[in-house]
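In listed order, ligands and their atoms are each counted from 1. Any value given below was found using the heavy atoms of this structure, including those in side chains, with hydrogens, waters and symmetry copies removed.
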Amino acid sequence: MSVMSMEVVAWNQMYRTMNTSAQQTRFSAVTARRIVDFARPHRGKLLVFVVFSVVLAVLAVATPVLAGRVVNAIVDGDSFDVVLRLSLLIAVIAVVDAAFGLLNRWLSSNIGEALILDLRTAVFDHVQRMPIAFFTRTRTGALVSRLNNDVIGAQRAFSDTLSGVVSNLVTLVLTLVVMIGISWQITLLALILLPVFVLPARRMGTRLARLQREAAGHNSAMSTQMTERFSAPGATLVKLFGQPAVESAEFAVRAARVRDIGVRSAMVQTVFVTALTLVSALALAVVYGLGGFYALRGQLDPGSVVALSLLLTRLYSPLTQLASARVEIMSAIVSFERVFEVLDLVPLIEDAPDAVSVPDGPVAVELSDVHFAYPSADKVSLASLEEVATLDSRGGVDVLHGVSFRAEPGQMVALVGTSGAGKSTIAQLIARLYDVDSGAVRLGEKDVRGLTAESIRGAVGMVTQDGHLFHDTVRANIVLPRPDATDDEVWEALSRARLRDLVTSLPDGLETVVGERGYRLSGGERQRLTIARLLIAQPRVVILDEATASLDSTSEAAVQAALGEALKGKTSVVIAHRLSTVRAADVILVVEAGTIVERGTHEELLAAGGRYEELHRTQFSVTPESAAQAAGAGTTVAGSLSAAAASIGVNPSIA
Ligand SMILES: Nc1ncnc2c1ncn2[C@@H]1O[C@H](COP(=O)(O)OP(=O)(O)OP(=O)(O)O)[C@@H](O)[C@H]1O
Ligand SMILES: [Mg+2]
């Protein structure tokens, strides 16, 4: 694809994204239904809440009416008894009002927080089910932001807005009824100013929602940058090759945009509230003027004027809140939609409804005519979580073209070949981190697509090329596959992985924290830790992807021996650049450009004089005479160096 057309694609994508967000401004019935679904488990509390809100609204109307009675009692010259009784009643109402107010707040925050919990766990569970392809594309920060900011935004719809809407609506209707009962003329006049702000309120709401969505985008961009740059590897990279000043500037730009939006939405809101306050003050003037006029003519008693004016302030306040509730609901819906967007991602790899477990006993591994391409962005992820994904046209190109091989139970199959040939891809297919496009991967004669993920996890153990450790203790990292492993087992695994001495020498032993991604350990120590983890897992199928590549030759030989011992009788697939590690394999497969070009034992392949023999020659011979010697003695320094050269794609014959 040319640069030009790539740009066109990018613009089209961006245009589409912008358009969909414009559409999302409208309240979608589907979203509403889903929100209701989420609220359903809390309907009991919601009902109590609504009842309380009605009680509160009735109380709110009662006080102004009683105040009017007091004024009338004074004007009519009634006994103090009447005034006292009325004021006591007002006091009781105030106390009851406070109590119900507290209860209601308790209820609404309860419902709101419970909703946060529901949404969060739903998102977490769902994201955990996503295939690896999703994580290779998604920006962690953007995801975390969905879990934090957007979930809270969505919750606000319930705890604040919904409660506001219910009680305000009830208050509004009751107040209006009472006011009209006292004087419909004054009520009508006082409300004439109403449309002046109800109409702009709609526009204001849309604008605020847009600002909100923009802010959410920037917030997510900020946390994306932070999670990526503030990880140990990210920070190292920035220190070595990055431009901290540029990074800071970029961050500052994003943060500044959030600030600008914050100021703008605060201003929009303030202008709105000020306008409302003004209108209600003007309406109050109307009540005093017109009410005074009627009272002077004896058509209205003074108490009614007081009651009306008090009621009016109670009328405009729910109106104000209802108008801004629209805004809040809109932004809450934006948040809901951003959360639902994640929940709607279809996990590509899921247990089939009739999935069975991996058969018991030793397991054969088989790939038959496997074709595979890494899934393209639109299949696995969300553009808004990738940030740059819309530009990515990669994926969809076959990485494996008709790969077939079989590892009988207990056999060791080795994969060798140049970098990028597809070895790690094959390994990931066996563990069903991806699904094949055609052909099949079988474990114990069963297609992996018909097996449960849990049983595959239990049967297949893999040490990946970039062995990962959690920021946790040595023990926690090792017992990950089997949390109930005893200390003895852990120490046993550590000594097999040649790590016992190191861990013993650490001040906190097994409880030593390994640091972000294990960065407080050396590369080789990290790798041996992942091997110890594999030994604890005791899988029936073992996949080693360059598992001992970062060890020196002596430790490598030792760890290999330990692995060989521990993995006896287990089916294994071993990937290695250093051919010395795979000599003992039952079958060696030479993978080149996504196909298997040669297969056989070490001796057969050497005798065949093909690609393997060539790889072997460049790795082990500095001069032809030393070839036999080096091959016999294991890896030499020169051998490892040329292996390293081969692994980064340098023509080893030059090295
Ligand atoms: N997640 C991915 N998405 C798209 N393409 C990928 C992905 N991972 C790997 N590839 C591509 O697939 C091809 C095979 O990669 P693979 O990791 O299987 O190679 P390898 O044989 O393990 O190489 P190495 O020896 O360097 O580890 C490469 O061209 C690589 O760029
Ligand atoms: Mg690899």
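Checking T425 against Y374 by side-chain atom types alone, a donor-acceptor pair falls below 3.5 Å.
Among E613, E614, Q619, the one residue that satisfies the side-chain hydrogen bond (donor to acceptor under 3.5 Å, both in side chains) test with R617 is E613. For the side chain to side chain contact (heavy atoms under 4.5 Å, CB included) with V514, the lone residue among V474, D472, L506 that qualifies is V474.
The closest side-chain heavy-atom distance from V342 to V127 is below 4.5 Å. Side-chain contact between I588 and Y612: present, with at least one pair of heavy atoms (C-beta onward) separated by less than 4.5 Å. Annotation: side chain of V460 is in contact with side chain of L443 (closest heavy-atom distance under 4.5 Å).
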(request) Please report the C-alpha distance between E445 and R406 in whole Å, then the side-chain angles of each, then the deciding distance to 0.1 Å, and finally whether the salt bridge (Lys or Arg N to Asp or Glu O under 4.0 Å) criterion is met. (result) CA-CA 10 Å; E445 325 306 329; R406 188 177 157 87; 3.0 Å; yes

(message) Working note: S580 + Q560, criterion side-chain contact (heavy atoms from CB on, under 4.5 Å); need CA distance, chi angles, decisive distance, verdict.
(response) CA-CA 11 Å; S580 59; Q560 286 272 322; over 6 Å; no

(message) Let's go through T473 and L510 carefully: what are the C-alpha distance in whole Å and the side-chain angles of both, what is the deciding distance for side-chain contact (heavy atoms from CB on, under 4.5 Å) to 0.1 Å, and is it a yes or a no?
(response) CA-CA 7 Å; T473 61; L510 284 179; over 6 Å; no

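Nearest-heavy-atom check against atom 28 (C) of ligand 1 across S419, G594, G420, P375 picks out G420.
For ligand 1, the atoms sitting less than 4.0 Å from at least one non-hydrogen atom of Q465 are 24 (P), 27 (O), numbered in the order shown with element in parentheses. Of all atoms in ligand 1, listed by their number and element, those nearer than 4.0 Å to a heavy atom of S424 are 17 (O), 18 (O), 20 (P), 22 (O), 27 (O). For ligand 1, the atoms lying closer than 4.0 Å to a non-hydrogen atom of V399 are 12 (O), 13 (C), 14 (C). In the vicinity of H577, heavy-atom distances shorter than 4.0 Å reach the ligand 1 atoms 25 (O).
Under a 4.0 angstrom heavy-atom cut-off, Q428 registers as lying outside contact with ligand 1. Ligand 1 has Y434 within reach: a non-hydrogen atom of the residue lies less than 4.0 Å from it.
If you look at E546 next to ligand 1, there are no close heavy atoms at all, none under 4.0 Å. With a heavy-atom cut-off of 4.0 Å, T425 touches ligand 1 through backbone and side chain alike.
At least one N or O atom of A421, backbone or side chain, sits closer than 3.5 Å to an N or O atom of ligand 1. Residue G422 has at least one nitrogen or oxygen atom sitting less than 3.5 Å from a nitrogen or oxygen atom of ligand 1, judged on distance alone.
For a distance threshold of 2.8 Å, the protein N, O or S atoms nearer than that to the Mg ion (ligand 2), listed by chain and number, are S424 OG, Q465 OE1.
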